[in-house]
Amino acid sequence: MATRRETADFILHRLGGSERFTVRSMFGEFALYADGKPVAFICDDQLFVKILPESAELEGRCERAPAYPGSKDYYLVPEEMVAGDRGLPRLLLRIGAVLPVPKAKKERG
């Protein structure tokens with residue numbers, strides 16, 4: 001099932017509408033970026049956050065699940081946490097701070 005654009009917009013809004021957060025469409029789903037770095041996926045209208053030491057505070061608060069068939073596990077963030085956890089933007093920015101800058105795509109031609 002593809003994620004609705006409204007879900008991605010809702011998540012961006014709940015993250016404070018900051019320009020530091022963006023989403024990109026990806027095969028009917030979305031990648032969520034913090035400061036230009038991919039920190040989570042929005043798949044099947046649900047938020048999946050990367051499991052890293054910086055996201056360890058989600059352990060015990062979120063179940064682990066694959067974002068899509070065959071993927072590794074991510075923290076599956078419940079909707080009520082997306083809607084009401086004021087610390088989520090800070091956590092996502094902390095994840096982004098430790099990730100490397102994505103490599104530029106090579107041009108075809």
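As a basis for the values below, the full set of heavy atoms in this structure was taken, side chains included, without hydrogen atoms, waters or symmetry mates. On a predicted model such as this, the values are computed, not experimentally measured, just so you know.
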ask   = Are Ile11 and Val77 joined in one hydrophobic group, where the rule is that I, L, V, M, F, W and Y side chains link up if heavy atoms are under 4.5 Å apart?
value = yes
inquiry  = Among residues at least two apart in sequence or on other chains, which ones pass side-chain hydrogen bond (donor to acceptor under 3.5 Å, both in side chains) with Arg20?
reply    = Asp35
remark   = Residue pairs passing the salt bridge (Lys or Arg N to Asp or Glu O under 4.0 Å) test with at least one member in residues 64-74, sequence neighbours excluded, are Glu59-Arg64
request  = Determine whether more than 12 heavy atoms belonging to other residues, nucleotides or ligands lie under 6.0 Å from atom CD of Glu19.
outcome  = no
inquiry  = Distance check, rounded to the nearest 0.5 Å: Leu91 atom CG versus Tyr75 atom OH?
reply    = 9.5 Å
ask   = Backbone N or O of Phe30 within a donor-acceptor pair of the Ser25 side chain at under 3.5 Å?
value = no
task = Could you pull out the closest heavy-atom pair between Ala2 and Asp45, with the gap in Å?
result = O-OD2, 4.3 Å
message = So, taking the atom named OH in Tyr33 and the one named CG in Leu99, what distance separates them when rounded to the nearest 0.5 Å?
response = 11.0 Å
Report all side-chain donor-acceptor pairs from residues 79-86 shorter than 3.5 Å, counting only partners two or more places apart or in another chain.
residue : atom : partner : partner atom : Å
Asp85   : OD1  : Gly87   : N            : 2.8
Asp85   : OD2  : Arg61   : NH2          : 2.6

inquiry  = With heavy-atom distances below 4.5 Å as the criterion, would you say the side chains of Phe48 and Leu76 are in contact?
reply    = yes
query = Do you know the tightest heavy-atom contact between Ile95 and Ser55?
reply = CD1-CB, 3.7 Å
inquiry  = Nearest 0.5 Å, please: how far is CD in Glu54 from CG in Leu92?
reply    = 12.0 Å
message = To check you understand the geometry: which heavy-atom pair defines the closest contact between Leu93 and Phe21, and what is its length?
response = CG-CZ, 3.6 Å
key: side-chain contact (heavy atoms from CB on, under 4.5 Å) partner of Leu12, chosen from Thr7, Thr22, Leu32, Ile42   = Leu32
inquiry  = Quick check: is Leu15 connected to Leu52 through a chain of hydrophobic side chains (ILVMFWY, heavy atoms under 4.5 Å apart)?
reply    = yes
task = Kindly compute the distance separating NZ (Lys50) from NZ (Lys37), expressed to the nearest 0.5 Å.
result = 11.0 Å
Sole residue of Met26, Gln46, Glu29 in side-chain contact (heavy atoms from CB on, under 4.5 Å) with Phe41 = Met26
message = When you measure from the side chain of Ser71 to the backbone of Ala67, do you find a donor-acceptor pair of N or O atoms at a distance under 3.5 Å?
response = yes
